*Asks:* 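Structure incoming, see below.
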Amino acid sequence: MAQFQSLPGFREFYPDALARRNHIFRLWRQTANTYGFQEYDAPVLEPLELYKTKSGDEIEAQLFSFTDKGGREVALRPEMTPTVCRLVGEKANALKRPIKWFSIAEFYRYERMQKGRGRCFFQLNADIFGEAGVEAETELMALLIQCFASFGLTEEDFYVRLSDRNLWFFYLEALGLDEPRSRAVLSAVDRFEKLGEDAFKDYAEQFGAIDLELKAKVLAFLQIKSLPALESAVAAIPDEKLGARLADWRKLLGNLSAMGLGRFVEVDLGVVRGLAYYTGFVFEAFDRKGELRALAGGGRYDSLIGKLGYNDMPAVGFGVGDMTFALLLEQRGLTPAVAQSTDVYVVIGGGAERAVAFADIQSLRADGFRVEYPLKEVAFGKQFKAAGESGAKLALIYGGDELAKGVVKIRDLGARTEIEVPREQVASTVRDFFSGGAE
RNA sequence: GCGGCCUUAGCUCAGUUGGUUAGAGCAUUAGAUUGUGAUUCUAAGGGUCGCGGGUUCGAAUCCCGUAGGCCGCCCCA
């Protein structure tokens, strides 16, 4: 039986599964289009160096990487960001701003499988380049939320946590921390939700036990869950950068409320997105029940394009993986039955009738109807059964009796009624049925 | 990289203290039904019991190894 298995962590999409996947992609694509994003794609295989430059040498352990026949070190793409940065960086001078792009692509990571995570997966990636202000965050967060809401998910189902690495750096700077210490504190902040007090161990190893007063301030700051709380926390510290940053926060949250999306967004300074390349606002989407891993993540990464050797360009982006998202839809009963059904099933008497039926079948198909017929001669009873199971709305009956009279019998499979029409009126009758009956 | 549980038909699962030819439901195909569909009845196809080794007169069953799956830790771009 199992002569060959698929590789661990890889997925196969039988028609049902592919129909569900396509449904997700269709709505994502449609939503991105309504926001004025343009779709792009790029190679699955990239130079290994592209990812090392962005994420460091350690990344190789988590990549599908190998040496190709030309001696090049290559890797299957684990993410889209470096690639899209190259695309934008190469043609930066020729691209109209703002650059609003998206892609739906497959990615590969050499990882251990878990719920919502495999070695290959699809992601919707959307990015805005060339806009340094919070207008870019506004547009992207709105798109992210709409990409979920399009499926019928509501604020009861998911929410987006918003945080800000700049705000953290300015705050820690105002508290007198240098950059290495600030980074260590942020790393602790990132892990605090999971590890609790242990999150500060790494900091202690590098810089000695953390000052208790400082720690108290950090913990208080990371538990801020609203703009007013943030404002009052910052009000106590006279700092120009912090004040300016707060203005950005008001603007971004104000924009999202004006769009009617405020209910989806929560201030949560506990989110800092790991050691990532993010430089400003960061956000993550989660299911409300807290049962699944992150649904989406994104943020601003203004220095990455420069790091890859191009002129600096501001950038904000997010990615949504298909696996966790599909789990959420399933949990909420929003996975649609998307089986594509037949429009017309043609019942054919015998060999002679077949030739006549074929001509009409082909012309109906040319008109865009989905038409099926039995590949081999089978009994009428079977054919009607097959017609019912196919989901067809109409059955056309090409029997010897009808053709002798120059007519075709058309059966409305839903209403269980039949009419006979002259053969030359078959196409128009079918067309009328579907244009009149459908909407 | 580490840990827990699991693996018998396409799917969901039975399978007695180790004992003849490994079963059921669903699904598939065919027949009842050579001109009218979602019901019903009948039958068929489909398995080297994940793979390899060991114990035994005899292994789906016990032991060892290994692969794969699920879940969690680490990580999560």
Side-chain angles (χ1 to χ4, degrees), chain A residues 1-12 14-16 46 50-56 58-63 75-85 107-119 121 123 125 187 190-191 194-195 198 271-278 282 284 291-299 301 304 307 317-319 321 323-324 341-342 345 347-351 353 374 376-404 409-418 420:
Chain A
M1 168 184 64
Q3 282 281 339
F4 298 100
Q5 299 182 326
S6 65
L7 290 167
F10 283 78
R11 296 185 287 168
E12 290 165 317
Y14 284 80
D16 285 353
E46 290 276 17
L50 182 64
Y51 303 112
K52 284 188 174 175
T53 300
K54 185 201 157 214
S55 306
E58 324 78 57
I59 196 69
E60 192 172 351
Q62 291 164 61
L63 296 178
L76 289 171
R77 62 185 175 196
E79 57 165 325
M80 194 54 104
T81 305
T83 300
V84 70
C85 284
F107 301 96
Y108 306 85
R109 296 178 185 178
Y110 201 88
E111 295 193 277
R112 199 76 175 156
M113 288 106 59
Q114 283 169 53
K115 193 173 187 178
R117 191 165 81 176
R119 287 185 172 179
F121 55 92
Q123 267 188 359
N125 275 265
S187 164
D190 186 39
R191 297 176 187 201
K194 261 190 186 169
L195 301 183
D198 286 350
V271 176
V272 286
R273 301 275 305 158
L275 304 170
Y277 46 91
Y278 290 110
V282 290
E284 290 188 321
E291 292 170 350
L292 303 171
R293 55 180 60 242
L295 290 158
Y301 52 100
L304 184 57
K307 195 173 171 184
F318 71 78
M323 293 180 76
T324 306
S341 68
T342 303
Y345 196 96
V347 173
I348 304 170
E353 291 82 41
K376 289 182 170 177
E377 286 188 35
V378 294
F380 270 88
K382 283 264 188 252
Q383 295 194 54
F384 281 102
K385 190 172 182 184
E389 286 169 353
S390 75
K393 309 281 186 302
L394 290 182
L396 306 187
I397 297 140
Y398 287 74
D401 299 348
E402 287 82 3
L403 292 188
K409 201 178 273 181
I410 300 183
R411 181 175 176 86
D412 182 330
L413 289 164
R416 295 182 180 233
T417 57
E418 283 180 355
E420 286 188 347

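Side chains included, hydrogens not; waters and symmetry mates left out as well; all remaining heavy atoms used. A note on names: the letters A, B, ... follow the listed sequences, proteins ahead of strands, and every chain is numbered from 1. Everything numeric here is computed off the predicted structure, so don't read it as measured data.
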*Asks:* In whole angstrom, give the distance that lies between atom CD of A/Gln383 and atom P of B/U33.
*Replies:* 18 Å
*Asks:* Taking any heavy-atom pair under 4.0 Å as a contact, classify A/Pro8: base, sugar-phosphate, or nothing.
*Replies:*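 Sugar-phosphate, backbone atoms only, no base.
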*Asks:* Hey, could you give me the CZ/OH distance between A/Phe384 and A/Tyr345, rounded to the nearest 0.5 Å?
*Replies:* 10.5 Å
*Asks:* With distance as the sole test, does A/Glu389 use its side chain to make a donor-acceptor pair with the main-chain N or O of A/Ala386 at under 3.5 Å?
*Replies:* no
*Asks:* So, the side chain of A/Arg119 versus the backbone of A/Met113: is there a donor-acceptor pair under 3.5 Å, distance only?
*Replies:*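 Pair absent, no side-chain N/O of A/Arg119 close to backbone of A/Met113.
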*Asks:* Going by purine N1 to pyrimidine N3 plus the second Watson-Crick contact, or the G-U wobble pair, all under 3.5 Å, which nucleotide sits opposite B/C75?
*Replies:* none
*Asks:* Starting at the 5' end of RNA chain B and moving along, which residue's nearest nucleotide shows up first, A/Glu389 or A/Gly9?
*Replies:*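 Counting from the 5' end, the first nearest nucleotide belongs to A/Glu389.
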*Asks:* For A/Tyr110, does the OH atom sit with more than 12 other heavy atoms under 6.0 Å from it, leaving out its own atoms?
*Replies:* no
*Asks:* Using Watson-Crick or G-U wobble geometry with both distances below 3.5 Å, tell me the partner of B/C26, or none.
*Replies:*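 For B/C26, the partner nucleotide comes out as B/G10, under the 3.5 Å rule.
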*Asks:* Please report, rounded to the nearest Å, how far the P atom of B/U34 is from the NZ atom of A/Lys385.
*Replies:* 14 Å
*Asks:* A/Asp401 side chain: which of B/C74, B/G72, B/G35 is closest?
*Replies:*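 The listed nucleotide nearest to A/Asp401's side chain is B/G35.
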*Asks:* Taking the same atom, C1', in B/A24 and in B/G47, what whole-Å distance lies between them?
*Replies:* 15 Å
*Asks:* Taking only the C1' atom of each, what is the distance from B/G4 to B/C26 in whole angstrom?
*Replies:*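 Nearest-Å result for B/G4 against B/C26 at atom C1': 32 Å.
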*Asks:* What integer number of Å spans the C1' atoms of B/A9 and B/U29?
*Replies:* 15 Å
*Asks:* I'd like to know if A/Lys409 reaches the base of B/U36 with its side chain, counting only an N/O donor and acceptor under 3.5 Å.
*Replies:*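 By the distance-only test, yes, there is a pair.
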*Asks:* So which nucleotide from B/C74, B/A77, B/G35 ends up closest to the side chain of A/Pro78?
*Replies:* B/A77
*Asks:* Nearest of B/C75, B/A38, B/U36 to any side-chain atom of A/Gln62?
*Replies:*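 Of the candidates, B/C75 comes closest.
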*Asks:* Please state the P separation for the pair B/C74 and B/C63 - nearest whole angstrom.
*Replies:* 33 Å
*Asks:* Rounded to whole angstroms, how far apart are CZ on A/Phe384 and P on B/U39?
*Replies:*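 Roughly 17 Å, once rounded to whole Å.
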*Asks:* Separation of A/Met323 atom CE from B/C70 atom P, in whole Å?
*Replies:*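 Rounded to whole Å, this separation is 8 Å.
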*Asks:* Using only atom types and a distance under 3.5 Å, with no angle test, would you say the side chain of A/Gln383 pairs donor to acceptor with the backbone of A/Ile348?
*Replies:* yes
*Asks:* For the side chain of A/Lys54, starting at C-beta, report the closest nucleotide among B/G35, B/A77, B/C73.
*Replies:* B/A77
*Asks:* I need the CZ-C1' distance between A/Arg117 and B/C70, as an integer number of Å.
*Replies:*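 Spelled out: CZ on A/Arg117 to C1' on B/C70 is 14 Å.
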*Asks:* If you take atom types as modelled and just measure distance, does the side chain of A/Glu418 reach the base of B/G35 with a donor-acceptor pair under 3.5 Å?
*Replies:* no
*Asks:* May I ask you to say what A/Lys194 touches in the nucleic acid, namely base, sugar-phosphate or nothing, with a heavy-atom cut-off under 4.0 Å?
*Replies:* base
*Asks:* Rounded to whole Å, please give me the gap between CD1 in A/Ile348 and P in B/U36.
*Replies:* 17 Å
*Asks:* Applying a 4.0 Å non-hydrogen cut-off, can you work out what A/Gly56 is touching in the nucleic acid: base, sugar-phosphate, or nothing?
*Replies:* nothing
*Asks:* Can you tell me how far C1' in B/A59 sits from the matching atom in B/G19, rounded to whole Å?
*Replies:* 10 Å
*Asks:* Once you round to the nearest 0.5 Å, how far does CD of A/Glu58 lie from NZ of A/Lys52?
*Replies:*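 Between atom CD of A/Glu58 and atom NZ of A/Lys52 there are 10.0 Å.
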*Asks:* Here's a test of your reading of the structure: between A/Val378 and A/Arg109, which maps to the more 5' nucleotide of RNA chain B?
*Replies:*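 Its nearest nucleotide lies further toward 5', so the answer is A/Val378.
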*Asks:* Between the main-chain N or O of A/Leu63 and the side-chain N or O of A/Arg109, is there a donor-acceptor pair closer than 3.5 Å?
*Replies:* no
*Asks:* How close or far is atom C1' of B/C71 from atom CD of A/Glu111, stated in whole angstroms?
*Replies:* 16 Å
*Asks:* Is there a Watson-Crick or G-U wobble partner for B/G19 with both distances under 3.5 Å, and if so, which one is it?
*Replies:* B/C57
*Asks:* By nearest atom, which of the nucleotides B/G37, B/C73, B/G35 is closest to the A/Arg112 side chain?
*Replies:*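 So the side chain of A/Arg112 is nearest to B/C73.
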*Asks:* Per the atom types in the model, does the base of B/A77 pair as donor or acceptor with the side chain of A/Arg77 at under 3.5 Å?
*Replies:*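 Answer no: no donor N or O sits under 3.5 Å from an acceptor.
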*Asks:* At 4.0 Å (heavy atoms only), tell me whether A/Gln123 reaches a base, stays on the sugar-phosphate, or touches nothing.
*Replies:* nothing
*Asks:* Classify the nucleic acid contact of A/Gln114 as base, sugar-phosphate or nothing, counting any heavy atom under 4.0 Å across all strands shown.
*Replies:* base
*Asks:* Counting heavy atoms from C-beta on, name the nucleotide in B/U36, B/C76, B/G68 closest to the side chain of A/Arg293.
*Replies:*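 Nucleotide nearest to A/Arg293's side chain: B/C76.
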*Asks:* When you compare B/A44 with B/G35, how far apart are their P atoms, in angstrom units rounded to a whole number?
*Replies:*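 Between the two P atoms, the distance is 28 Å.
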*Asks:* Rounding to an integer number of Å, can you tell me how far A/Leu7 CG sits from B/G69 C1'?
*Replies:*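 After rounding, the reported distance stands at 15 Å.
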*Asks:* Would you call A/Phe380 stacked on B/G35, i.e. ring centres under 5.5 Å apart with the planes less than 30° off parallel?
*Replies:* yes
